[in-house]
Amino acid sequence: MWLSRMDVCKSSIFALIHYFANGEKKSGPDVKLDTRFTASEGVRVVSGPDGAALLNIKTGVCCNLDSVGSMIWKQIASSPSGATVESILQHLVETFKVSREEIREETIAYLRKLESQCLLLRDRDKG
């Protein structure tokens, strides 16, 4: 898997298991290229050379991000208006010299995963 790590604390591991076991990554509103994601208000971040750790102080959910996940997080969190899927994909394509087709579905699944853990918010007015 291109975005390899998404570990959560014990308090939320069962939600993540339920999320994958029930195929929820395929359900819900479509994520389109103009879908905008913003960081949830209650999320605190600790960054390191190998990635970052996120903690939602409102829900108690925490996770570790690898270096790619951390890059995506920084792009989203650094803008008050968030980032579109298109801008995230473009940044990854330029940084890692990969094709958009290689990373599109996995990146969208990754964003949905963070959204399901209440770490990201989707601008539902778009799209």
Side-chain angles (χ1 to χ4, degrees):
M1 189 163 150
W2 185 68
L3 297 169
S4 60
R5 278 187 359 216
M6 178 68 178
D7 302 319
V8 295
C9 293
K10 289 180 183 177
S11 64
S12 62
I13 192 68
F14 295 112
L16 190 63
I17 291 169
H18 176 78
Y19 173 77
F20 284 114
N22 293 309
E24 292 179 34
K25 65 182 179 178
K26 301 273 187 205
S27 65
D30 285 340
V31 174
K32 299 176 182 171
L33 293 177
D34 66 345
T35 300
R36 184 172 299 277
F37 286 92
T38 57
S40 294
E41 271 186 37
V43 177
R44 302 298 181 260
V45 182
V46 177
S47 296
D50 297 328
L54 306 179
L55 170 65
N56 186 324
I57 60 173
K58 294 180 180 180
T59 64
V61 171
C62 61
C63 71
N64 293 317
L65 306 178
D66 63 12
S67 57
V68 176
S70 181
M71 180 184 298
I72 292 170
W73 178 264
K74 287 177 186 174
Q75 183 179 359
I76 293 169
S78 67
S79 172
S81 62
T84 63
V85 173
E86 174 66 34
S87 67
I88 293 166
L89 288 172
Q90 186 61 37
H91 184 71
L92 294 173
V93 165
E94 291 170 4
T95 302
F96 296 106
K97 308 299 183 221
V98 294
S99 75
R100 182 178 304 268
E101 294 74 31
E102 278 183 84
I103 62 170
R104 184 173 187 251
E105 289 306 313
E106 194 163 346
T107 301
I108 288 171
Y110 183 74
L111 293 168
R112 283 184 167 166
K113 196 182 316 179
L114 291 176
E115 179 186 29
S116 77
Q117 296 297 308
C118 301
L119 298 166
L120 287 180
L121 300 173
R122 184 188 314 200
D123 180 355
R124 300 201 186 268
D125 296 330
K126 294 276 182 208

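On a predicted model such as this, the values are computed, not experimentally measured, just so you know.
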Verdict with supporting geometry, Phe96 and Met71, side chain to side chain contact (heavy atoms under 4.5 Å, CB included)
CA-CA 11 Å; Phe96 296 106; Met71 180 184 298; 3.8 Å; yes

Would you be so kind as to tabulate the donor-acceptor pairs closer than 3.5 Å made by side chains of residues 37-46, with sequence neighbours excluded?
residue: Ser40; atom: OG; partner: Cys118; partner atom: O; Å: 2.9
residue: Ser40; atom: OG; partner: Leu119; partner atom: O; Å: 3.3
residue: Arg44; atom: NH1; partner: Glu41; partner atom: O; Å: 3.2

Trp73 with Leu121, same ILVMFWY side-chain cluster at under 4.5 Å
no

Going from CD on Glu115 to CZ on Arg122, what distance comes out if it is rounded to the nearest 0.5 angstrom?
4.0 Å

To the nearest 0.5 Å, atom OG of Ser70 lies from atom CG of Leu65 at 6.0 Å

Taking the side chain as C-beta and beyond, is there a heavy-atom pair between Tyr110 and Leu120 under 4.5 Å?
no

Under the side chain to side chain donor-acceptor pair (under 3.5 Å) test, which residues partner Glu94, sequence neighbours left out?
Gln90

Can you tell me how far NZ of Lys32 sits from CD1 of Ile108, rounded to the nearest 0.5 angstrom?
11.5 Å

Gln117/Asn56 under side chain to side chain contact (heavy atoms under 4.5 Å, CB included): CA gap, chis, key distance, verdict
CA-CA 9 Å; Gln117 296 297 308; Asn56 186 324; over 6 Å; no

Find out whether Ile103 and Glu106 are in side-chain contact, i.e. whether some heavy atom of one side chain is under 4.5 Å from a heavy atom of the other.
no

Do you know which of Thr107, Leu33, Asp34 makes side chain to side chain contact (heavy atoms under 4.5 Å, CB included) with Val85?
Leu33

Please name the pair of heavy atoms, one in Leu55 and one in Cys62, separated by the smallest distance, quoted to 0.1 Å.
CD1-CB, 3.9 Å

How would you list, by chain and number, every residue that makes a salt bridge (charged side-chain N to carboxylate O under 4.0 Å, His left out) with Arg100, sequence neighbours excluded?
Glu86

How about Leu111 and Ile72: do any of their side-chain heavy atoms sit closer than 4.5 Å?
yes

Quick one: does any side-chain atom of Asp66 pair with a main-chain N or O of Val68 as donor and acceptor, under 3.5 Å?
yes

Give me the atom names and distance for the closest heavy-atom approach of Val98 to Leu92.
CG2-O, 4.2 Å

In this structure, would Leu89 and Leu114 fall into the same cluster of hydrophobic residues linked by side-chain contacts under 4.5 Å?
yes

For Lys113, does its backbone N or O pair with a side-chain atom of Ser116 as donor and acceptor, under 3.5 Å?
yes

Distance-minimising heavy-atom pair for Val93 and Ser99
CG2-C, 4.3 Å

